[in-house]
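Quick caveat, the model's predicted, so the values are computed rather than measured. Convention: sequence-line order gives letters A, B, ...; per-chain numbering from 1.
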Protein chains: 2
Amino acid sequence: VVEMSKVSKTFGDGTSIIRALDGVDLKIEKGEFVAIVGPSGSGKSTMMNLIGCLDRPSNGVVKIAGEDLSMLNDKKLTELRNYAIGFIFQSFFLLPKTTALENVATPLLYRGVHSKEAKKKALSMLKKLGMSDRATHGPTELSGGQQQRVAIARALVTEPSLILADEPTGALDSATGKQVMDLLTELNQEGITIVLITHDLDVAKRAKRRISLKDGKIISDTKGAA
Amino acid sequence: VVEMSKVSKTFGDGTSIIRALDGVDLKIEKGEFVAIVGPSGSGKSTMMNLIGCLDRPSNGVVKIAGEDLSMLNDKKLTELRNYAIGFIFQSFFLLPKTTALENVATPLLYRGVHSKEAKKKALSMLKKLGMSDRATHGPTELSGGQQQRVAIARALVTEPSLILADEPTGALDSATGKQVMDLLTELNQEGITIVLITHDLDVAKRAKRRISLKDGKIISDTKGAA
Ligand SMILES: Nc1ncnc2c1ncn2[C@@H]1O[C@H](COP(=O)(O)OP(=O)(O)OP(=O)(O)O)[C@@H](O)[C@H]1O
Ligand SMILES: Nc1ncnc2c1ncn2[C@@H]1O[C@H](COP(=O)(O)OP(=O)(O)OP(=O)(O)O)[C@@H](O)[C@H]1O
Ligand SMILES: [Mg+2]
Ligand SMILES: [Mg+2]
(Lines give C-alpha, C1' and ligand atoms only; values in the text may rest on other atoms or scores of the structure.)
(Ligands and ions follow the chains in the order given, each with its own letter.)
Protein backbone atom coordinates (compact mmCIF):
# COMPACT_ATOMS: atom_id res chain seq x y z
CA VAL A 1 0.00 0.00 0.00
CA VAL A 2 3.05 2.24 0.41
CA GLU A 3 5.94 2.10 -2.03
CA MET A 4 8.97 4.36 -2.27
CA SER A 5 11.62 3.89 -4.98
CA LYS A 6 14.92 5.76 -4.93
CA VAL A 7 13.23 8.57 -3.00
CA SER A 8 15.29 11.61 -2.05
CA LYS A 9 14.24 14.87 -0.44
CA THR A 10 16.56 17.81 -0.16
CA PHE A 11 15.99 21.23 1.38
CA GLY A 12 17.93 24.40 0.80
CA ASP A 13 20.11 25.11 -2.22
CA GLY A 14 23.53 26.24 -3.25
CA THR A 15 25.72 26.46 -0.17
CA SER A 16 23.53 24.66 2.32
CA ILE A 17 21.85 21.60 0.92
CA ILE A 18 20.25 19.32 3.46
CA ARG A 19 19.66 15.75 2.34
CA ALA A 20 16.69 14.91 4.56
CA LEU A 21 16.14 11.64 2.66
CA ASP A 22 18.78 10.06 0.41
CA GLY A 23 17.85 7.19 -1.90
CA VAL A 24 15.14 5.42 0.07
CA ASP A 25 13.56 2.17 -1.19
CA LEU A 26 10.65 0.86 0.83
CA LYS A 27 7.57 -1.35 0.44
CA ILE A 28 4.83 -1.62 3.03
CA GLU A 29 2.01 -4.10 2.43
CA LYS A 30 -1.61 -3.62 3.44
CA GLY A 31 -2.20 -4.53 7.11
CA GLU A 32 1.41 -4.16 8.26
CA PHE A 33 2.41 -2.52 11.53
CA VAL A 34 5.73 -0.76 10.98
CA ALA A 35 7.83 1.26 13.44
CA ILE A 36 10.27 3.85 12.07
CA VAL A 37 13.12 4.69 14.43
CA GLY A 38 16.31 6.72 14.22
CA PRO A 39 18.18 9.69 15.67
CA SER A 40 16.73 13.20 15.80
CA GLY A 41 17.02 14.74 12.32
CA SER A 42 17.45 11.43 10.51
CA GLY A 43 14.50 11.97 8.14
CA LYS A 44 11.59 10.18 9.83
CA SER A 45 9.03 12.99 9.72
CA THR A 46 10.15 13.92 6.21
CA MET A 47 9.50 10.35 5.07
CA MET A 48 6.09 10.36 6.72
CA ASN A 49 5.13 13.68 5.09
CA LEU A 50 5.88 12.14 1.67
CA ILE A 51 3.76 9.06 2.43
CA GLY A 52 0.98 11.28 3.75
CA CYS A 53 0.84 13.32 0.53
CA LEU A 54 1.87 16.47 2.37
CA ASP A 55 5.07 16.97 0.43
CA ARG A 56 6.65 15.78 -2.82
CA PRO A 57 10.04 14.05 -3.16
CA SER A 58 12.94 15.83 -4.89
CA ASN A 59 13.72 12.55 -6.66
CA GLY A 60 12.20 9.09 -6.99
CA VAL A 61 8.62 7.81 -6.87
CA VAL A 62 6.12 7.54 -4.01
CA LYS A 63 3.10 5.30 -4.57
CA ILE A 64 0.10 4.96 -2.28
CA ALA A 65 -2.31 2.08 -3.04
CA GLY A 66 -0.51 1.63 -6.36
CA GLU A 67 -1.00 5.28 -7.41
CA ASP A 68 2.08 7.32 -8.29
CA LEU A 69 1.52 10.50 -6.28
CA SER A 70 3.26 12.70 -8.88
CA MET A 71 0.55 11.69 -11.40
CA LEU A 72 -2.26 12.94 -9.17
CA ASN A 73 -3.55 16.49 -9.30
CA ASP A 74 -4.11 18.44 -6.08
CA LYS A 75 -7.79 17.49 -5.99
CA LYS A 76 -7.02 13.74 -6.12
CA LEU A 77 -4.19 14.12 -3.59
CA THR A 78 -6.52 15.89 -1.15
CA GLU A 79 -9.10 13.15 -1.65
CA LEU A 80 -6.51 10.46 -0.85
CA ARG A 81 -5.39 12.37 2.24
CA ASN A 82 -8.89 12.93 3.57
CA TYR A 83 -10.40 9.53 2.82
CA ALA A 84 -7.67 6.97 3.15
CA ILE A 85 -5.10 8.38 5.55
CA GLY A 86 -5.18 9.40 9.22
CA PHE A 87 -2.18 11.52 10.21
CA ILE A 88 -1.08 12.11 13.81
CA PHE A 89 1.39 15.00 13.66
CA GLN A 90 4.52 15.34 15.79
CA SER A 91 3.37 18.83 16.77
CA PHE A 92 -0.37 18.04 16.79
CA PHE A 93 -1.56 20.96 14.60
CA LEU A 94 -4.88 21.35 16.39
CA LEU A 95 -7.04 24.33 15.35
CA PRO A 96 -6.35 26.89 18.08
CA LYS A 97 -9.66 28.65 18.81
CA THR A 98 -11.64 25.45 18.42
CA THR A 99 -12.89 22.95 20.98
CA ALA A 100 -11.57 19.39 21.18
CA LEU A 101 -14.93 18.16 19.89
CA GLU A 102 -14.88 20.49 16.88
CA ASN A 103 -11.25 19.63 16.16
CA VAL A 104 -12.07 15.92 16.03
CA ALA A 105 -15.32 16.43 14.05
CA THR A 106 -13.63 18.54 11.36
CA PRO A 107 -12.35 15.72 9.06
CA LEU A 108 -15.84 14.18 9.07
CA LEU A 109 -17.43 17.52 8.16
CA TYR A 110 -14.94 17.77 5.24
CA ARG A 111 -16.33 14.43 4.04
CA GLY A 112 -19.87 15.76 4.05
CA VAL A 113 -20.97 13.94 7.20
CA HIS A 114 -23.83 15.83 8.87
CA SER A 115 -22.84 17.94 11.88
CA LYS A 116 -24.94 15.92 14.36
CA GLU A 117 -23.50 12.56 13.23
CA ALA A 118 -19.96 14.04 13.05
CA LYS A 119 -20.16 15.27 16.65
CA LYS A 120 -21.54 11.93 17.82
CA LYS A 121 -18.61 10.06 16.24
CA ALA A 122 -16.13 12.66 17.50
CA LEU A 123 -17.38 12.32 21.07
CA SER A 124 -17.19 8.54 20.88
CA MET A 125 -13.55 8.71 19.69
CA LEU A 126 -12.63 11.23 22.39
CA LYS A 127 -14.14 8.80 24.90
CA LYS A 128 -11.82 6.01 23.65
CA LEU A 129 -8.90 8.32 24.39
CA GLY A 130 -10.14 9.34 27.82
CA MET A 131 -10.87 12.88 26.67
CA SER A 132 -14.66 13.05 26.52
CA ASP A 133 -14.93 15.14 29.71
CA ARG A 134 -12.81 17.86 28.09
CA ALA A 135 -14.68 17.92 24.76
CA THR A 136 -15.70 21.57 25.12
CA HIS A 137 -12.18 22.83 25.87
CA GLY A 138 -9.75 24.29 23.34
CA PRO A 139 -6.06 23.41 22.98
CA THR A 140 -4.83 26.23 25.25
CA GLU A 141 -6.85 24.75 28.09
CA LEU A 142 -5.38 21.28 27.72
CA SER A 143 -2.13 19.72 28.91
CA GLY A 144 0.47 18.51 26.38
CA GLY A 145 -0.67 14.91 26.62
CA GLN A 146 -4.34 15.89 26.40
CA GLN A 147 -3.68 17.84 23.18
CA GLN A 148 -1.86 14.81 21.81
CA ARG A 149 -4.84 12.60 22.53
CA VAL A 150 -7.18 15.02 20.74
CA ALA A 151 -4.83 14.91 17.72
CA ILE A 152 -4.96 11.10 17.82
CA ALA A 153 -8.77 11.08 18.06
CA ARG A 154 -8.96 13.40 15.03
CA ALA A 155 -6.73 11.10 12.95
CA LEU A 156 -8.76 8.00 13.83
CA VAL A 157 -12.33 9.35 13.64
CA THR A 158 -12.58 8.90 9.85
CA GLU A 159 -11.66 5.21 10.15
CA PRO A 160 -8.73 5.52 7.71
CA SER A 161 -7.17 2.46 6.11
CA LEU A 162 -3.64 3.86 6.63
CA ILE A 163 -2.59 5.50 9.89
CA LEU A 164 0.60 7.59 9.97
CA ALA A 165 1.56 8.34 13.56
CA ASP A 166 4.51 10.66 14.24
CA GLU A 167 5.55 10.13 17.89
CA PRO A 168 1.94 9.43 19.04
CA THR A 169 2.95 8.82 22.67
CA GLY A 170 5.65 11.52 22.95
CA ALA A 171 3.73 13.59 25.51
CA LEU A 172 2.04 10.71 27.34
CA ASP A 173 2.87 8.92 30.59
CA SER A 174 3.43 5.19 30.21
CA ALA A 175 -0.08 4.11 31.28
CA THR A 176 -1.83 6.49 28.87
CA GLY A 177 0.73 5.64 26.16
CA LYS A 178 -0.09 1.95 26.59
CA GLN A 179 -3.81 2.70 26.12
CA VAL A 180 -3.02 4.42 22.83
CA MET A 181 -0.85 1.51 21.69
CA ASP A 182 -3.62 -0.95 22.65
CA LEU A 183 -6.02 1.03 20.48
CA LEU A 184 -3.60 1.09 17.52
CA THR A 185 -2.91 -2.63 17.92
CA GLU A 186 -6.66 -3.31 17.91
CA LEU A 187 -7.08 -1.27 14.70
CA ASN A 188 -4.17 -3.13 13.10
CA GLN A 189 -5.83 -6.44 13.95
CA GLU A 190 -8.89 -5.20 12.02
CA GLY A 191 -6.68 -4.82 8.94
CA ILE A 192 -5.60 -1.19 9.15
CA THR A 193 -2.04 -0.45 8.04
CA ILE A 194 -0.02 1.46 10.63
CA VAL A 195 3.27 3.31 10.15
CA LEU A 196 4.51 4.79 13.40
CA ILE A 197 7.55 6.95 14.21
CA THR A 198 8.80 6.64 17.76
CA HIS A 199 11.81 7.25 19.98
CA ASP A 200 10.36 4.90 22.61
CA LEU A 201 11.70 1.37 22.26
CA ASP A 202 8.78 -0.09 24.25
CA VAL A 203 6.45 1.42 21.67
CA ALA A 204 8.61 0.22 18.76
CA LYS A 205 8.48 -3.33 20.17
CA ARG A 206 4.72 -3.41 19.65
CA ALA A 207 5.11 -3.09 15.89
CA LYS A 208 5.81 -6.16 13.75
CA ARG A 209 8.59 -4.59 11.69
CA ARG A 210 11.24 -2.00 12.46
CA ILE A 211 12.89 0.32 9.94
CA SER A 212 15.90 2.31 11.17
CA LEU A 213 16.88 5.60 9.55
CA LYS A 214 20.20 7.41 9.80
CA ASP A 215 21.19 10.54 7.86
CA GLY A 216 18.27 10.11 5.46
CA LYS A 217 19.03 6.45 4.61
CA ILE A 218 17.48 3.17 5.70
CA ILE A 219 20.19 1.29 7.60
CA SER A 220 18.12 -1.67 8.73
CA ASP A 221 14.71 -3.21 8.13
CA THR A 222 13.87 -6.12 10.41
CA LYS A 223 10.66 -8.17 10.66
CA GLY A 224 9.51 -9.48 14.03
CA ALA A 225 10.03 -7.43 17.21
CA ALA A 226 13.69 -7.43 18.18
CA VAL B 1 15.09 27.89 46.68
CA VAL B 2 11.55 26.80 45.72
CA GLU B 3 8.79 26.67 48.31
CA MET B 4 5.09 26.02 47.79
CA SER B 5 2.61 26.08 50.72
CA LYS B 6 -0.97 24.89 50.31
CA VAL B 7 -0.84 25.85 46.64
CA SER B 8 -3.93 25.35 44.52
CA LYS B 9 -4.64 26.33 40.94
CA THR B 10 -8.06 26.07 39.40
CA PHE B 11 -9.23 26.90 35.89
CA GLY B 12 -12.73 27.54 34.70
CA ASP B 13 -15.64 28.58 36.87
CA GLY B 14 -19.20 27.74 37.78
CA THR B 15 -20.12 24.46 36.14
CA SER B 16 -16.70 23.30 35.01
CA ILE B 17 -14.00 23.89 37.56
CA ILE B 18 -10.74 22.12 36.91
CA ARG B 19 -8.47 21.65 39.93
CA ALA B 20 -5.14 21.54 38.14
CA LEU B 21 -3.29 21.69 41.50
CA ASP B 22 -4.95 20.93 44.82
CA GLY B 23 -3.20 21.75 48.10
CA VAL B 24 0.45 21.26 47.17
CA ASP B 25 3.22 21.61 49.79
CA LEU B 26 6.77 21.40 48.46
CA LYS B 27 10.28 22.50 49.38
CA ILE B 28 13.23 22.28 47.00
CA GLU B 29 16.69 23.26 48.33
CA LYS B 30 19.41 24.94 46.29
CA GLY B 31 21.40 22.44 44.22
CA GLU B 32 18.78 19.68 44.16
CA PHE B 33 17.94 17.62 41.08
CA VAL B 34 14.23 16.80 41.21
CA ALA B 35 12.12 14.80 38.74
CA ILE B 36 8.35 15.42 38.61
CA VAL B 37 6.36 12.52 37.22
CA GLY B 38 2.69 11.65 36.89
CA PRO B 39 -0.09 10.89 34.42
CA SER B 40 -1.04 13.21 31.58
CA GLY B 41 -3.15 16.05 33.01
CA SER B 42 -1.99 15.55 36.61
CA GLY B 43 -0.74 19.15 37.04
CA LYS B 44 3.00 18.94 36.29
CA SER B 45 3.24 21.78 33.76
CA THR B 46 0.86 23.88 35.87
CA MET B 47 3.16 23.45 38.86
CA MET B 48 6.18 24.37 36.78
CA ASN B 49 4.48 27.50 35.42
CA LEU B 50 3.88 28.67 39.01
CA ILE B 51 7.52 28.05 39.97
CA GLY B 52 8.68 29.79 36.80
CA CYS B 53 6.68 32.97 37.61
CA LEU B 54 4.54 32.52 34.51
CA ASP B 55 1.29 32.13 36.41
CA ARG B 56 -0.09 32.86 39.87
CA PRO B 57 -1.72 30.30 42.19
CA SER B 58 -5.45 30.51 43.00
CA ASN B 59 -4.57 29.79 46.62
CA GLY B 60 -1.47 29.38 48.76
CA VAL B 61 2.02 30.84 48.54
CA VAL B 62 4.87 30.29 46.06
CA LYS B 63 8.32 31.48 47.12
CA ILE B 64 11.43 31.57 44.95
CA ALA B 65 14.75 32.24 46.74
CA GLY B 66 12.75 33.20 49.82
CA GLU B 67 10.66 35.82 47.96
CA ASP B 68 6.88 35.48 48.05
CA LEU B 69 5.96 35.87 44.37
CA SER B 70 2.63 37.56 45.17
CA MET B 71 4.59 40.39 46.82
CA LEU B 72 6.59 41.14 43.68
CA ASN B 73 5.40 43.58 41.04
CA ASP B 74 5.55 42.60 37.36
CA LYS B 75 8.93 44.30 36.90
CA LYS B 76 10.53 42.28 39.72
CA LEU B 77 8.87 39.06 38.51
CA THR B 78 10.25 39.60 35.00
CA GLU B 79 13.70 40.27 36.46
CA LEU B 80 13.56 36.98 38.43
CA ARG B 81 12.43 35.09 35.34
CA ASN B 82 15.12 36.53 33.07
CA TYR B 83 18.07 36.43 35.45
CA ALA B 84 17.60 33.45 37.70
CA ILE B 85 15.47 30.95 35.81
CA GLY B 86 15.95 28.97 32.59
CA PHE B 87 12.68 27.47 31.31
CA ILE B 88 12.51 24.66 28.75
CA PHE B 89 8.88 24.57 27.60
CA GLN B 90 6.89 21.43 26.75
CA SER B 91 5.96 23.01 23.42
CA PHE B 92 9.26 24.85 22.90
CA PHE B 93 7.82 28.34 22.13
CA LEU B 94 10.58 29.28 19.71
CA LEU B 95 10.16 32.57 17.84
CA PRO B 96 8.86 31.47 14.43
CA LYS B 97 10.51 33.73 11.84
CA THR B 98 13.80 33.74 13.70
CA THR B 99 16.95 31.66 13.25
CA ALA B 100 18.12 29.16 15.86
CA LEU B 101 21.05 31.50 16.65
CA GLU B 102 18.78 34.51 17.19
CA ASN B 103 16.36 32.46 19.26
CA VAL B 104 19.15 31.39 21.59
CA ALA B 105 20.75 34.87 21.72
CA THR B 106 17.47 36.61 22.64
CA PRO B 107 17.56 36.14 26.46
CA LEU B 108 21.12 37.54 26.51
CA LEU B 109 20.07 40.57 24.46
CA TYR B 110 17.26 41.16 27.00
CA ARG B 111 19.97 41.31 29.66
CA GLY B 112 21.84 43.99 27.79
CA VAL B 113 24.62 41.73 26.53
CA HIS B 114 26.11 43.14 23.32
CA SER B 115 24.94 41.48 20.11
CA LYS B 116 28.41 40.16 19.17
CA GLU B 117 29.00 38.58 22.60
CA ALA B 118 25.41 37.25 22.72
CA LYS B 119 25.82 35.49 19.37
CA LYS B 120 29.17 34.04 20.41
CA LYS B 121 27.63 32.54 23.57
CA ALA B 122 24.56 31.37 21.65
CA LEU B 123 26.69 29.56 19.08
CA SER B 124 28.75 27.91 21.79
CA MET B 125 25.57 26.63 23.51
CA LEU B 126 24.12 25.38 20.21
CA LYS B 127 27.39 23.52 19.71
CA LYS B 128 26.97 21.74 23.07
CA LEU B 129 23.59 20.52 21.83
CA GLY B 130 24.86 19.41 18.42
CA MET B 131 22.99 22.18 16.63
CA SER B 132 25.71 24.64 15.58
CA ASP B 133 25.56 23.57 11.92
CA ARG B 134 21.88 24.61 11.80
CA ALA B 135 22.32 27.98 13.53
CA THR B 136 21.03 29.95 10.56
CA HIS B 137 17.84 27.92 10.18
CA GLY B 138 14.44 28.80 11.61
CA PRO B 139 12.07 26.47 13.47
CA THR B 140 10.09 25.46 10.36
CA GLU B 141 13.27 24.10 8.83
CA LEU B 142 14.13 21.94 11.81
CA SER B 143 12.95 18.52 12.95
CA GLY B 144 11.00 18.13 16.23
CA GLY B 145 14.07 17.07 18.15
CA GLN B 146 16.19 19.82 16.64
CA GLN B 147 13.65 22.45 17.73
CA GLN B 148 13.69 20.95 21.21
CA ARG B 149 17.47 21.26 21.37
CA VAL B 150 17.29 24.92 20.33
CA ALA B 151 14.75 25.50 23.13
CA ILE B 152 17.15 23.82 25.58
CA ALA B 153 20.08 25.92 24.37
CA ARG B 154 18.03 29.09 24.84
CA ALA B 155 17.14 28.15 28.44
CA LEU B 156 20.76 27.39 29.34
CA VAL B 157 22.59 30.23 27.58
CA THR B 158 22.00 32.74 30.43
CA GLU B 159 23.60 30.35 32.96
CA PRO B 160 20.52 30.38 35.22
CA SER B 161 20.71 29.17 38.84
CA LEU B 162 17.36 27.34 38.51
CA ILE B 163 16.49 25.26 35.46
CA LEU B 164 12.87 24.23 34.88
CA ALA B 165 12.69 21.59 32.18
CA ASP B 166 9.26 20.40 30.98
CA GLU B 167 9.80 17.11 29.10
CA PRO B 168 13.25 18.17 27.77
CA THR B 169 13.85 14.87 25.97
CA GLY B 170 10.31 14.27 24.71
CA ALA B 171 11.22 14.60 21.04
CA LEU B 172 14.71 13.09 21.24
CA ASP B 173 16.05 9.64 20.43
CA SER B 174 17.74 7.91 23.36
CA ALA B 175 21.33 8.78 22.37
CA THR B 176 20.58 12.50 21.94
CA GLY B 177 18.41 12.42 25.09
CA LYS B 178 21.33 10.99 27.03
CA GLN B 179 23.57 13.85 25.82
CA VAL B 180 21.03 16.36 27.13
CA MET B 181 20.80 14.54 30.49
CA ASP B 182 24.64 14.43 30.70
CA LEU B 183 24.67 18.20 30.20
CA LEU B 184 21.99 18.78 32.86
CA THR B 185 23.80 16.45 35.29
CA GLU B 186 27.03 18.38 34.70
CA LEU B 187 25.25 21.69 35.42
CA ASN B 188 23.70 20.21 38.58
CA GLN B 189 27.17 19.15 39.76
CA GLU B 190 28.21 22.81 39.40
CA GLY B 191 25.46 23.74 41.89
CA ILE B 192 22.55 24.58 39.61
CA THR B 193 19.10 23.53 40.87
CA ILE B 194 17.16 21.44 38.36
CA VAL B 195 13.44 20.63 38.36
CA LEU B 196 12.52 18.37 35.48
CA ILE B 197 9.17 16.97 34.31
CA THR B 198 9.40 13.72 32.42
CA HIS B 199 7.37 10.70 31.33
CA ASP B 200 10.59 8.76 30.69
CA LEU B 201 11.58 6.62 33.67
CA ASP B 202 15.21 6.38 32.46
CA VAL B 203 15.36 10.17 32.58
CA ALA B 204 13.63 10.29 35.99
CA LYS B 205 16.23 7.84 37.37
CA ARG B 206 18.98 10.40 36.72
CA ALA B 207 17.44 12.84 39.21
CA LYS B 208 18.16 12.49 42.94
CA ARG B 209 14.57 12.93 44.09
CA ARG B 210 11.22 11.98 42.54
CA ILE B 211 7.91 13.72 43.17
CA SER B 212 4.79 11.99 41.83
CA LEU B 213 1.64 13.96 41.01
CA LYS B 214 -1.87 12.62 40.52
CA ASP B 215 -5.02 14.72 40.05
CA GLY B 216 -3.21 17.87 41.19
CA LYS B 217 -1.86 16.38 44.43
CA ILE B 218 1.57 15.10 45.44
CA ILE B 219 1.16 11.39 46.15
CA SER B 220 4.80 10.54 46.80
CA ASP B 221 8.12 12.30 47.30
CA THR B 222 11.12 9.98 47.46
CA LYS B 223 14.83 10.81 47.76
CA GLY B 224 17.40 8.65 45.98
CA ALA B 225 16.65 7.14 42.58
CA ALA B 226 14.20 4.30 42.95
N1 LIG C 1 -5.97 27.26 30.75
C2 LIG C 1 -6.56 26.14 31.21
N3 LIG C 1 -7.93 26.06 31.28
C4 LIG C 1 -8.52 24.92 31.72
N5 LIG C 1 -7.88 23.83 32.15
C6 LIG C 1 -6.52 23.85 32.10
C7 LIG C 1 -5.79 24.99 31.63
N8 LIG C 1 -4.45 24.70 31.68
C9 LIG C 1 -4.36 23.43 32.18
N10 LIG C 1 -5.60 22.94 32.43
C11 LIG C 1 -5.91 21.62 32.97
O12 LIG C 1 -5.21 21.43 34.19
C13 LIG C 1 -4.83 20.05 34.31
C14 LIG C 1 -3.33 19.95 34.53
O15 LIG C 1 -2.68 20.40 33.37
P16 LIG C 1 -1.10 20.29 33.18
O17 LIG C 1 -0.75 20.94 31.88
O18 LIG C 1 -0.42 20.80 34.39
O19 LIG C 1 -0.89 18.71 33.10
P20 LIG C 1 0.45 17.87 32.90
O21 LIG C 1 0.63 17.04 34.10
O22 LIG C 1 1.56 18.77 32.49
O23 LIG C 1 0.04 16.92 31.70
P24 LIG C 1 0.90 16.34 30.44
O25 LIG C 1 1.71 15.24 30.99
O26 LIG C 1 -0.22 15.85 29.54
O27 LIG C 1 1.67 17.46 29.85
C28 LIG C 1 -5.26 19.35 33.02
O29 LIG C 1 -6.48 18.66 33.23
C30 LIG C 1 -5.46 20.50 32.05
O31 LIG C 1 -6.43 20.22 31.07
N1 LIG D 1 11.86 22.90 5.57
C2 LIG D 1 13.11 22.45 5.84
N3 LIG D 1 14.19 23.18 5.47
C4 LIG D 1 15.44 22.74 5.75
N5 LIG D 1 15.72 21.57 6.37
C6 LIG D 1 14.68 20.81 6.77
C7 LIG D 1 13.32 21.20 6.54
N8 LIG D 1 12.52 20.24 7.06
C9 LIG D 1 13.33 19.29 7.60
N10 LIG D 1 14.61 19.63 7.42
C11 LIG D 1 15.79 18.87 7.83
O12 LIG D 1 15.71 17.55 7.32
C13 LIG D 1 16.27 16.63 8.28
C14 LIG D 1 15.25 15.56 8.61
O15 LIG D 1 14.17 16.14 9.29
P16 LIG D 1 13.01 15.28 9.92
O17 LIG D 1 12.01 16.24 10.48
O18 LIG D 1 12.52 14.30 8.93
O19 LIG D 1 13.77 14.51 11.09
P20 LIG D 1 13.21 13.48 12.16
O21 LIG D 1 13.89 12.19 11.95
O22 LIG D 1 11.72 13.51 12.15
O23 LIG D 1 13.74 14.11 13.52
P24 LIG D 1 13.11 14.19 15.01
O25 LIG D 1 13.28 12.83 15.59
O26 LIG D 1 13.98 15.22 15.65
O27 LIG D 1 11.68 14.61 14.86
C28 LIG D 1 16.67 17.45 9.50
O29 LIG D 1 18.05 17.73 9.47
C30 LIG D 1 15.86 18.73 9.33
O31 LIG D 1 16.50 19.84 9.92
MG1 LIG E 1 10.30 14.22 13.49
MG1 LIG F 1 2.57 19.03 30.67
Out of B:G177, B:G12, B:G41, return the one with the most heavy atom pairs under 4.5 angstrom to chain A.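 When all of B:G177, B:G12, B:G41 are compared, B:G41 has the most.
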
Please tabulate, one pair per line, the N or O donor-acceptor pairs under 3.5 Å between chain A and chain B.
from, atom 1, to, atom 2, distance (Å)
A:S40, N, B:D173, OD1, 2.6
A:S40, OG, B:R149, NH2, 2.9
A:R149, NH2, B:S40, OG, 2.9
A:A171, O, B:H199, NE2, 2.9
A:D173, N, B:H199, ND1, 3.3
A:D173, OD1, B:S40, N, 2.6
A:H199, ND1, B:D173, N, 3.3
A:H199, NE2, B:A171, O, 2.9

Could you pull out all residues at least two apart from B:F11 that satisfy ring pair (Phe, Tyr, Trp, His ring centres under 6.0 Å)?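 With sequence neighbours excluded, B:F11 shows a ring pair (Phe, Tyr, Trp, His ring centres under 6.0 Å) to no residue whatsoever.
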
Less than 4.5 Å to any heavy atom of chain B: does that hold for the side chain of A:A175, its backbone, both, or neither?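 For A:A175, no heavy atom lies under 4.5 Å from chain B.
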
Please classify the contact of A:L142 with chain B as side chain, backbone, both or neither, using a heavy-atom distance under 4.5 Å.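 Neither; nothing under 4.5 Å.
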
Pairs of heavy atoms under 4.5 Å with chain B: top-ranked of A:L201, A:V37, A:I18: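 Answer, by heavy-atom pair count under 4.5 Å with chain B: A:I18.
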
Name the member of A:P39, A:G170, A:G145, A:G130 that forms the most heavy-atom pairs with chain B at distances under 4.5 Å.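 Looking at each of A:P39, A:G170, A:G145, A:G130 in turn, A:P39 comes out on top.
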
